[in-house]
Amino acid sequence: MRSHDVTTLILGAGAAGLMCAAHAGSGTLVIDHAKAPGEKIRISGGGRCNFTNLHAGPDNFLSQNPHFAKSALSRYTQWDFLDLVARHGIPWHEKTLGQLFCDRSARDIIGMLLSEMRPAELWLRTEIGEIGHDGSRFRVALTREGAPLTVTARNLVVATGGKSIPKMGATGIGYRIAEQFGHALTDTRPGLVPLTFDEARKAAFAALAGTSVPTRITCNGGSFDEAMLFTHRGLSGPAILQVSSYWREGDSLSVHLAPDTPLYEALRARRQTDGAKALTTVLADILPRALVAHLAAEWGLTGNLGDQSDKALRALEDSARDWRLTPTSSEGYRTAEVTLGGVATDKLSSRTMESQLRPGLYLIGEVVDVTGWLGGYNFQWAWSSGHAAGSAIAAGGS
């Protein structure tokens, strides 16, 4: 069997792995089972890659140890990545809430990373077999384009991602590698994912499919002012994807409809001029008409606006401020943008991402129990954690 010796073997040619390779120094080999590097980068942001966020900071991440991400995020920030993008002449623009996208294509980011990682080697269509450590080096059995070989390496970087989007080859192999070397895992579940409902609620929502409404959605300490989208399966849209990372089975969502509109004052003022109009007609000037029809049936909204007392309008506002919805599940890893949870951080260096149990082993990116909000935060974690590991390796380890 052929053998190949390198200084650093990086498992995974995604965002974190490519960033690590760009900083790890000579003798680096990156492998991936895919046909092309950076596939999640390529499809992200509608093909334009929401590559970071202007507001990225530790408070935008979930982890059992909320302090773990601070070191890596502070030492390689969104501004550092923007400098890199600028050096490569990649045009970009800001959308909403600090979200930064490529003007042209996500392929610009992939090309930039491939350029930055030279002269590191990149092997694609390569499958991982058994992994061991002989006391001085890692030994990794691989199959490359059908041929078996063994790679030995002083450093092994696990950048294999999580379980999200299995159609792109996500397997969770990084968790198994971490466990092999003694690391514990936190519970994993789909994150940034649409939520689904029981058959009765799903049927009621069917007429609303495609309807979007501004909301403030709150659950378990997470609260997001963004759009909510009704679908044939349940609820999606930015606000739902965000709050899904805080939601657990059995929990209710508190939905505040049109949070920027003081509903009581607005309806009370309209009562003076449009009292002869149906309440639902006036309400449809504030909320989507299809949603108003649904709420009229659920909340018993009848009569003209002029017939509504102040008490009734207050009650309507209270209902709109705290519409309680209880999902039954999520759409799962099939559509989840990230995996929540992962390798526990208690035995990892927050400065270098190196294992405290097996020197030379590094875990970066989504495989670690650090999960960002929607909006470029998870890419920033990939850049920051990849930079932390790569820089530590180039400096000779921790």
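Remember, it's a predicted structure, so these values are computed and weren't measured experimentally. All residue numbers refer to positions in the sequence shown, counting from 1.
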### Task
Go through the steps to decide whether D103 and R48 satisfy the test salt bridge (Lys or Arg N to Asp or Glu O under 4.0 Å), and finish with yes or no.
CA-CA 7 Å; D103 284 355; R48 293 197 173 182; 5.9 Å; no

### Backbone of L124 reached by a side-chain donor or acceptor of T126 within 3.5 Å
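Yes, because the side chain of T126 sits within donor-acceptor range (under 3.5 Å) of the backbone of L124.
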
### Main-chain N/O of R201 paired to D198 side chain as donor or acceptor, under 3.5 Å
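At least one qualifying donor-acceptor pair exists.
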
Looking at every heavy atom in both [X] and [Y], which two are closest together, and how far apart are they?
X: W381; Y: A72; answer: CZ3-CB, 3.9 Å
X: S245; Y: L192; answer: OG-N, 3.5 Å
X: G341; Y: T186; answer: CA-OG1, 3.2 Å
X: I217; Y: T215; answer: CG1-OG1, 3.5 Å
X: H88; Y: E116; answer: NE2-OE2, 2.7 Å
X: V30; Y: A21; answer: CG2-CB, 3.6 Å

Mind checking the [atom1]-[atom2] spacing from [X] to [Y]? Nearest 0.5 Å is all I need.
X: R42; Y: I110; atom1: CZ; atom2: CD1; result: 7.0 Å
X: I31; Y: L142; atom1: CD1; atom2: CG; result: 4.5 Å
X: T8; Y: N155; atom1: OG1; atom2: CG; result: 4.0 Å
X: T345; Y: N65; atom1: OG1; atom2: CG; result: 4.5 Å
X: M112; Y: F81; atom1: CE; atom2: CZ; result: 3.5 Å

### Message
Would you say N53 and N60 are linked by a side-chain donor-acceptor pair, where the criterion is simply a distance under 3.5 Å?
### Response
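Looking only at side-chain atoms, N53 and N60 do not form any donor-acceptor pair under 3.5 Å.
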
### Query
How about T218 and S254: does a side-chain donor come under 3.5 Å of a side-chain acceptor?
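Note: T218 and S254 side chains miss the donor-acceptor criterion.
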
#### Entry: K202 NZ/CZ over F197 ring centroid, <6.0 Å and within 45° of normal
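Pair K202/F197 does not count as cation-pi.
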
### Query
Do R358's NZ or CZ and the ring of F181 fall within the cation-pi criteria of under 6.0 Å and 45°?
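Checked: cation-pi criterion not met.
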
### Task
Report the C-alpha distance between H55 and W373 in whole Å, list the side-chain angles of each, state the deciding distance to 0.1 Å, and finish with yes or no for ring pair (Phe, Tyr, Trp, His ring centres under 6.0 Å).
CA-CA 11 Å; H55 309 304; W373 289 1; over 10 Å; no

Sub-4.5 Å side-chain heavy-atom contact between [X] and [Y]:
X: N220; Y: V243; answer: no
X: E317; Y: L267; answer: no
X: I393; Y: Y362; answer: yes
X: L348; Y: V368; answer: yes

With the 4.5 Å side-chain cut-off for hydrophobic clustering, are [X] and [Y] part of the same group?
X: V140; Y: I10; answer: yes
X: V213; Y: L229; answer: no
X: Y377; Y: V338; answer: no
X: V255; Y: L235; answer: yes
X: L54; Y: I109; answer: yes

Between [X] and [Y], how do the two ring planes meet: parallel, tilted or perpendicular, split at 30° and 60°?
X: F224; Y: Y246; answer: tilted
X: W323; Y: W299; answer: perpendicular
X: H294; Y: F205; answer: tilted

### Task
Sort out for me which residue in R189, K163, E366 forms a side chain to side chain donor-acceptor pair (under 3.5 Å) with T339.
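Result: among R189, K163, E366, E366 is the only option passing the side chain to side chain donor-acceptor pair (under 3.5 Å) with T339.
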
### Query
Does the gap between the ring centers of F379 and F51 come in under 6.0 Å?
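No, they do not, as the ring centres are separated by 6.0 Å or more.
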
